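Letters A, B, ... mirror the listed sequences (proteins, then strands); counts begin at 1. Worth saying up front: this structure is predicted, and the values here are computed from it rather than measured.
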Amino acid sequence: MSSAEETKPKDFIREIIEEDIKNNTYGGRVHTRFPPEPNGYLHIGHAKSILLNFGLAEEYNGLFNLRFDDTNPSKEEVEYVESIKRDIQWLGVDWDDREYYASDYFEQLYEYAVQLIKTGKAYVDDLSADEIREYRGTLTKPGRNSPYRDRAIEENLSLFKRMRKGEFPDGSRVLRAKIDMTSPNIIMRDPVMYRIQHQKHHRTGDKWCIYPMYDFAHGQCDSIERITHSICTLEFENNRSLYNWFLENLGIFHPKQIEFARLNLSYTILSKRKLIELVNGGFVSGWDDPRMPTISGLRRRGFTPQAIRAFNQAIGVAKNENLVDVALLEHYIRKDLNKITPRRMVVLNPLKVVITNYPEDKYEMLEAINNPEDPSMGVREVPFSRELYIEKDDFMENPTKKYFRLAPGKEVRLRYGYIIKYQDHIKNDDGEIVEIQCTYDPLTKGGYAPDGRKVRGTIHWVSANHAINAEIRLYDRLFTKENPMDLKEGEDYLDYLNPESLLTLKDSKLEPSLSKSKVEDRYQFERLGYFIVDPDSSNENLVFNRTITLRDTWAKIKRKK
RNA sequence: UGGGGGCUCGUCUAACGGUAGGACAGCGGACUCUGAAUCCGUAAGUAGAGGUUCGAAUCCUCUGCCCCCAGCCA
């Protein structure tokens, strides 16, 4: 370990844990967990929590559990548990055989509830949901006791048993903790512990018709699993006193809850509820749409677990509300892909170029470097011939001063090809440029200038007769507003959907070596960006997704004018 | 306006009473067969007011602003 790493500052959670280890608080153990509810796909914000909890266990020689918080059967599905497991694994996180479910503990939780009834600390309430709300009071007004609050223990016991047996309809009764209806912390005003829900559960089937509330399940599940540090997000700070109350009144193992700030990302929405709306409303193609901030979406978009981990490292952990610039995420994916992806030449928007002094039937194979950042990736050959395609953007009829590409009277280098010189261009009846004619300099094969002449511009190209076709999907940010959640009266976050978040190109031209590409192969298309083969791809129809563009200072210069 | 949290460059995050540092973004330059990458340079911050102290981002007091809580959601 270098001295820089040794003095690397610790976040507040690591400080707490190290203190606990030092004081032998949990016998020196560290045991964390990630507790997702299987009611949607995981997103980049969850990755922060997963990586944090797993990283802690690794660093302190501890254990990490995966536990599904499946206490509400009306919202949860197996599809989600499958996707969650797949995504966590993809991130490189391993929970060994410690895969648990809150529903594994339903019987134990029921016994805990009975225990609280027996000690006079819980009661069955017949008030309706509306009445409970009314009795609860408000932020500034204390609540009132329910008329059922002082039922005899025996009556509570029998009623609760009958709730379990299914004798009562949904919503007719609940089990509540008897705490304090005047507490300034509203969470403590006799919170509901169990509700009746005649609903099939994805794991326990019809065994139960009463289900514990998250608040009555979460802390005890952590306790049962002997979790030492229960790490959760800021909005659960108020609930901590309730978890502590349950743990203390039950007299069971007491984990330490620590809250941190969830991730917010600019130009992105990280709310499960809203993500579901995007999927169900058809605004995206699904949970794994490459524009989605879900792990599945990012994977399909071409992100790597390594980049996500590096990003995670960079954002840190703290209690401050934050809005991390999505540019930081983009920085780390570029950084990773730059090192690992082979380069290829692809023309997105083709414009024909004819080399008038190059023989009609001739073609030759030219050597191109696969990755200048990594010589071990070797070289490949690309065909060169009389008719080529270049990018429409790489020719300008009336060039601006700093334009280094092809233009009347100018010379440009074809990457790994030849230096060519403008001769003429042809327009169609609509005035669009349809063809450029150039001459090539045979002494510049491979792109070298033996006479030492400076050619400022180098552009990519593809041989017309050898090119293959593919569908290219150009993705961009899903939202046009930095914080789509920060809305004025009457606005909706959907108002800020980016209409250009997906642009599909059908007649792009690719160098022939790309024909062998397989799903999830990644490349850098030179001068354009990083691309990955989409699962929609077939041998007949290759489909590439653009993960991210290259940094483009030329675009920046243009924008400034 | 009850309770619980939080305010450090534009953005994230360090500094634990002793030189306010890093990363991204920005700007300028070098290099370049990718206007990429790389390299160099540069600007930019302690919410405010008091107090304690030789010395305060850090401790104390007050003020302001932001977030969370009134689900039989998690």
Review item, nucleotides 39-41 of chain B N/O atoms under 3.5 Å of protein N/O:
none

Pi-cation contact, Tyr101(A) with Arg203(A) (under 6.0 Å, within 45°): yes

Minimum-distance nucleotide (side-chain atoms of Arg456(A) versus A74(B), U11(B), U32(B)): U32(B)

Which part of the nucleic acid, if any, lies within reach of Arg334(A) when heavy atoms closer than 4.0 Å are counted: base, sugar-phosphate only, or nothing? nothing

Nucleotide forming a Watson-Crick or wobble pair with C73(B), both distances under 3.5 Å: none

From the list A25(B), G35(B), A37(B), which nucleotide is the closest neighbour of the side chain of Glu373(A)? A37(B)

Measuring to OP1 and OP2 of G35(B), would you say a side-chain N or O of Arg527(A) lies under 4.0 angstrom away? yes

Would you say A74(B) has OP1 or OP2 under 4.0 Å from some side-chain N or O of Arg195(A)? yes

Side-chain N or O of Arg133(A) less than 4.0 angstrom from OP1 or OP2 on G71(B)? yes

Over all strands shown, is Val174(A) touching base, sugar-phosphate only, or nothing at heavy-atom distances under 4.0 angstrom? base

Closest to side chain of Asn238(A), choosing from G4(B), A14(B), G35(B): G4(B)

Who pairs with U11(B) - Watson-Crick or G-U, where each distance is under 3.5 Å: A23(B)

Assigned chi class of G71(B) under the 90° convention is syn

Side-chain (Arg546(A)) to main-chain (Ile472(A)) donor-acceptor, under 3.5 angstrom: no

C7(B), OP1 or OP2 - any side-chain N/O from Lys319(A) closer than 4.0 Å? no

Taking the C1' atom of each, how far is G48(B) from C65(B), in whole Å? 10 Å

Would you say the ring centroid of Tyr523(A) lies under 6.0 angstrom from that of Tyr530(A)? no

From the candidates A74(B), G35(B), G2(B), the one with an atom nearest any side-chain atom of Leu139(A) is G2(B)

Nucleotide opposite C31(B) in a Watson-Crick or G-U pair, distances under 3.5 Å: none

Hey, does Arg551(A) reach any base, or is it just sugar-phosphate, or nothing, if we go heavy atoms under 4.0 Å? sugar-phosphate

Say you pick atom P in U19(B) and the same atom in C12(B); how far apart are they, in whole Å? 25 Å

Out of G35(B), G5(B), A74(B), which has the shortest distance to the side chain of Glu237(A)? G5(B)

Using the P atom as the point on both nucleotides, what is the distance between C39(B) and G4(B), in whole Å? 49 Å

Base-pairing assignment for G50(B) (Watson-Crick or G-U wobble, both under 3.5 Å): C60(B)

Expressed as a whole number of angstroms, how long is the span from Arg273(A):CZ to A74(B):C1'? 13 Å

Would you mind reporting whether Met193(A) and Val174(A) have side-chain heavy atoms less than 4.5 Å apart? no

Using the C1' atom as the point on both nucleotides, what is the distance between C31(B) and C66(B), in whole Å? 46 Å

Same-atom distance (C1') from U8(B) to U58(B), integer angstrom: 11 Å

Distance, P atom - from U38(B) to A20(B), rounded to whole angstrom: 31 Å

Base, sugar-phosphate, or nothing: which does Lys402(A) touch, judged by heavy atoms less than 4.0 Å apart? base

Atom pair CD1 (Ile196(A)) and CE (Met163(A)), whose distance is rounded to the nearest 0.5 Å: 4.5 Å

Separation of G2(B) C1' from Met181(A) CE (nearest whole Å): 14 Å

Using a heavy-atom cut-off of under 4.0 Å over every strand shown, decide if Arg136(A) touches base, sugar-phosphate, or nothing. sugar-phosphate

Considering only atom P, compute the distance from U42(B) to U52(B) and round it to an integer number of Å. 39 Å

Qualifying residue, where the test is side chain to side chain donor-acceptor pair (under 3.5 Å) with Thr458(A) and the options are Arg415(A), Arg413(A), Arg405(A): Arg413(A)

Does the ring centre of Trp554(A) sit less than 6.0 Å away from the ring centre of Phe404(A)? no

So Phe479(A) and Ile269(A), do their side chains get closer than 4.5 Å, heavy atoms only? yes

Check whether any side-chain N or O of Arg240(A) sits under 4.0 Å from OP1 or OP2 of G4(B), and answer yes or no. no

If you check the Leu234(A) side chain, which of G5(B), U34(B), A70(B) turns out closest? G5(B)

CZ-CD distance between Phe68(A) and Glu76(A), expressed to the nearest 0.5 angstrom: 10.5 Å

Regarding Ala318(A), tell me which of base, sugar-phosphate or nothing describes its non-hydrogen contacts under 4.0 Å with the strands shown. sugar-phosphate

Between P on U34(B) and OH on Tyr523(A), what's the gap in Å once rounded to a whole number? 22 Å

When the distance from CD of Glu37(A) to C1' of C73(B) is rounded to whole Å, what number comes out? 7 Å

Please pick, from A74(B), G3(B), C24(B), the nucleotide with the shortest atom-to-atom distance to any side-chain atom of Asn185(A). G3(B)

State which of C12(B), A36(B), G71(B) makes the closest approach to the side chain of Val324(A). C12(B)

Rounding to an integer number of angstrom, what distance separates G21(B) and G41(B) when you compare their P atoms? 15 Å

Would you indicate what Pro372(A) reaches in the nucleic acid, counting non-hydrogen atoms under 4.0 angstrom: base, sugar-phosphate, or nothing? base

Below 4.0 Å: OP1/OP2 of C24(B) and any side-chain N or O of His331(A): yes

Just by modelled atom types, is the Ala102(A) backbone N or O under 3.5 Å from a matching donor or acceptor in the Asp69(A) side chain? no

